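To start, the structure under review is shown below, and the notes come after it.
Note that ligands are numbered from 1 as they come in the structure, with each ligand's atoms numbered from 1 the same way. Since we're looking at a predicted model, the values are computed, not measured.
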Amino acid sequence: MKMRTAAALLAATGFAYGQNASMISGPPWMHSKFTSSPPVYPSPNAIGLGWDAAFQQASDFVDQLTLQEKTMLVTGETGPCTGNIPAIPRLGFEGLCLMDGPLAIRQADFASAFPAGITVAAAWDRDLARQRGQELGAEFKAKGAHVILGPVAGPLGRSGERSTGLCEAYGHPSNITIASSADELQDYIGNEQETQRNPSENEDGKTIEAVSSNIDDRTMHEVYLWPFQNAVKAGVASMMCSYNRINGSYGCQNSKTQNGLLKDELGFQGYIMSDWGATHSGYPAILAGEDMDMPGTIGFTPGGPSFFGGNITKSVNNGSLPLERANDMCRRIMTPYFQFQQTSYPMIDASEPALAGNSVSDYNYTFNLGNQSDIDVRDDHSHLIRELGAAGTVLLKNTNNTLPLKTPKNVGVFGNDAADITIGLYFGSDPDLQNIGYDIGVLPIGGGSGTARMTYVVNPLDAIKQKVASYDEKALVQYVLNNTLVIDSGGFDILFPRPPEVCLVFLKTWATEGYDRPSLLVDWNGTALVESVASQCPNTVVITHSGGLNVLPFADHPNVTAILAAHYPGEQVGNSIVDILWGDMNPSGHLPYTIAKHEDDYSFADITNSTALLNTQDPNAWQSDFKERLLVDYRKLKYSLPLTIRAGYFDYVNQSVQYEFGYGLSYTTFSMGSVSVQPYASALDLSATPPAQQIVPGGNPALWEKLYCVTATVSNTGSVAGAAVPQVYLGLPQPANQDTTPRQVLRGFEKMMLQPGESREVRFDLTRRDVSYWDVVTQQWTIGQGSISVMAGFSSRDVQGTASFSPLG
Ligand SMILES: *[C@@H]1O[C@H](CO)[C@@H](O)[C@H](O)[C@H]1NC(C)=O
Ligand SMILES: *[C@@H]1O[C@H](CO)[C@@H](O)[C@H](O)[C@H]1NC(C)=O
Ligand SMILES: *[C@@H]1O[C@H](CO)[C@@H](O)[C@H](O)[C@H]1NC(C)=O
Ligand SMILES: *[C@@H]1O[C@H](CO)[C@@H](O)[C@H](O)[C@H]1NC(C)=O
Ligand SMILES: *[C@@H]1O[C@H](CO)[C@@H](O)[C@H](O)[C@H]1NC(C)=O
Ligand SMILES: *[C@@H]1O[C@H](CO)[C@@H](O)[C@H](O)[C@H]1NC(C)=O
Ligand SMILES: *[C@@H]1O[C@H](CO)[C@@H](O)[C@H](O)[C@H]1NC(C)=O
Ligand SMILES: *[C@@H]1O[C@H](CO)[C@@H](O)[C@H](O)[C@H]1NC(C)=O
Ligand SMILES: *[C@@H]1O[C@H](CO)[C@@H](O)[C@H](O)[C@H]1NC(C)=O
Ligand SMILES: *[C@@H]1O[C@H](CO)[C@@H](O)[C@H](O)[C@H]1NC(C)=O
Ligand SMILES: *[C@@H]1O[C@H](CO)[C@@H](O)[C@H](O)[C@H]1NC(C)=O
Ligand SMILES: *[C@@H]1O[C@H](CO)[C@@H](O)[C@H](O)[C@H]1NC(C)=O
């Protein structure tokens, strides 16, 4: 099924491959241009666009507040939740409860551990993504949480090593589901590494500033800001500013990103809150666009000093901060509260204070704390978790149709990742886990803010035993879960009375907040484990649980007959993989990143890190120049870009890869035909730039106008039902005097369930933004002169049909 059609792509796009990887992305990089961020002031006032009635309610509410109450509304306090805004009982306001995290209400008990964002990204399924958002939102609401600290749209995966992003990243931010009541988007611009994400002190007590992500304007718009634009368009209530700097200026006091890009250009009407401790000043950050400080105190000290709080009162009184800006902060916070009807909300589960590690008697303020403990909010969410966990599993290799398994009577199971968890079901902040996590036990989710307090985990080994017993009670399931033991024994034959018919090898890779993976290989000597098993088992099936990409040196091993990248599927991990292995679910996941052949192939965008930097005396030493510009992942070779733009370095330099962006096998086969593109009436007499219109959330509405429709026919040509993921990539013309345009960018995908023999048409609408580039001179989305090629297929390199059109004639 996999066609390598690089030559066809070349013909379609007309671009020559670059010969020198360091030259291909554009003119020489001038670091001196990235040492400051352009000032954009004043901070635009929200006017309630799209949220008119709620905005009026918020304005009336804010009119009644004293200055001190206004400071309370924008400054976090110690309380039962991850983040807390105290109640103002005088006005019937019950306060706000903000809770981690992107895949579960992290600290709570009796809640579900959903699949991680990387799994959602790999499923390419908007319906399942939306259902997950709804169920997750329902759990937060039932626990009394108003705001979900998630999903995460950054990092896009510039470097392979970045780990948090992987476990937290919500991969298809172009279609974020805003849960009905718990509505929050945690989003970071340019947060592509964890190393030095915060300032540090060196041995002499000197402050060394956080890493600066230096990003040019076109790349910002076409890659990093793109998912934020989708989120604002979808009505997101809140964003989080990041720890890192952007062009030398801290995320929470960067007026270009906050005032300029988010609030002005994208028309964002909600509020920007800091990541925990990411605020570095009071009124200067506020003037630059920050609206809420979390957790509210400097150094997280309960009751301690704050950049906000009393400093806001002083700044307003001494004229440094206009009162109108303070009012705008409050209106931005209260408008979504009214819009999403959070006025009479479920009370906060009484277990939360203890779970947050504090006691109610310490609180200096009132919160909406209830008297019911241990509220079980899981409902029937395990069904979706099991289904989505399987849907986000990508079948990478399946020699001789070794999968699905039929009814093997002798199954071998290997690897520490097959076992039940041995360290307890919550691994949020155990310092022992900082590096590669725990040894014996499956890894269904990552650590840090993005983890969950799991109520149970269905481990792979138990699920396999149960499955095998369901068709043959006498069948053998033999297992060795200690990786070192298998490797040291030079194989496994001594452990088995009879060699297994199939050897299932479970591998895992730890990811957690604050940690970049030092390697792209699987952890725990997993590569050696596979080599060891495969040296004696001719039918070795490898399953990886990982928050991101892994290079797979054994991919071409003749005895490795199948490989499944199972990502982080959540609490039903064992059932999800058994459903795939035995064919109860036909795999339909596709890679949201490229797996290169070698780790070195990603070197175009390594994270910034060295011994010298770790010992630097220069406060400004940590600089990360995003020199690859637009050529990320299939644009470049390093790794995951979640949805929007994928055609990059790897494709640009025509580098052969192991498994390309968008790739994934099925137990059936698909074909595609009749690829064509038709203009809508709106595409007649197009201007190159959008007509000026009033900005709405999402930016100029003309950018969202549908101009063209690509259609294709997709057929299931195999013998079992399965879901295809047709994808459409565009090759946009290279504008004069601009950075190198990627050869292809993803502009549409669908998930289609098809019965054997069934054919159906799929349609992809292309908006004005989809066919434009960001012109850095005119500061406009612009349709380039020339022909746009359409490449439709089942991955970034499996092109089944092409078409072309010239919007400007
Ligand atoms: C690629 O270009 C860079 C920058 O001009 C140069 O330093 C380097 O030597 C070139 N590499 C090759 C292999 O030509
Ligand atoms: C970063 O610097 C580049 C080069 O000067 C500029 O084009 C871009 O707009 C800047 N972005 C921010 C957020 O400061
Ligand atoms: C999200 O998907 C739904 C259903 O496919 C669609 O109606 C909606 O327009 C999409 N939203 C965005 C922002 O793409
Ligand atoms: C409450 O206020 C007192 C006095 O400022 C302070 O010492 C204490 O830490 C505060 N408690 C909390 C939980 O913030
Ligand atoms: C105001 O901010 C400064 C740091 O800029 C801090 O030292 C001081 O304690 C803060 N004041 C209050 C009342 O929190
Ligand atoms: C006003 O108050 C703020 C907060 O305490 C302080 O940082 C600033 O220096 C003051 N400005 C003047 C002009 O006194
Ligand atoms: C629990 O809270 C409800 C609602 O505030 C109240 O009616 C009830 O009396 C409380 N029960 C107990 C045992 O405190
Ligand atoms: C695949 O099938 C072919 C033909 O039946 C056979 O020669 C080959 O050994 C098989 N390979 C594996 C890995 O089972
Ligand atoms: C795994 O096996 C090795 C080699 O026999 C042994 O040293 C180690 O203690 C074992 N680990 C566990 C967790 O049993
Ligand atoms: C960063 O560099 C240090 C020192 O060379 C090294 O120990 C560490 O593993 C590096 N971190 C990553 C994520 O590569
Ligand atoms: C990997 O294997 C080496 C020896 O082969 C051993 O020293 C090391 O501890 C192992 N690492 C892990 C994580 O098991
Ligand atoms: C594949 O497995 C067979 C045992 O069936 C073994 O003899 C052979 O060496 C293995 N091949 C490799 C490349 O390890």
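Looking at atom 4 (C) of ligand 2, its nearest protein heavy atom turns out to be K33 O, 3.3 Å. Residue, atom and distance of the protein heavy atom nearest to atom 14 (O) of ligand 2 are S37 OG, 2.4 Å. From the protein, the heavy atom lying nearest to atom 13 (C) of ligand 2 is K256 CG, 3.3 Å. Shortest contact from atom 6 (C) of ligand 2 to any protein heavy atom: N247 ND2, 4.1 Å. In terms of protein heavy atoms, atom 10 (C) of ligand 12 is closest to N559 ND2, 2.6 Å. N311 ND2, 3.1 Å is the protein heavy atom nearest to atom 11 (N) of ligand 5.
Looking at T741, its side chain never comes within 3.5 Å of a backbone N or O of Q734 through a donor-acceptor pair.
Within the 4.0 Å heavy-atom cutoff, V776 does not count among the residues contacting ligand 2. Using a 4.0 Å cutoff on heavy atoms, G309 does not count as a contact of ligand 5.
Taken to the nearest 0.5 Å, the SG atom of C81 stands 7.5 Å off from the CG atom of L98.
Within a 4.0 Å radius of atom 2 (O) of ligand 5, the protein contributes one or more non-hydrogen atoms.
Within the 4.0 Å heavy-atom criterion, the part of H557 lying near ligand 12 is the side chain and not the backbone.
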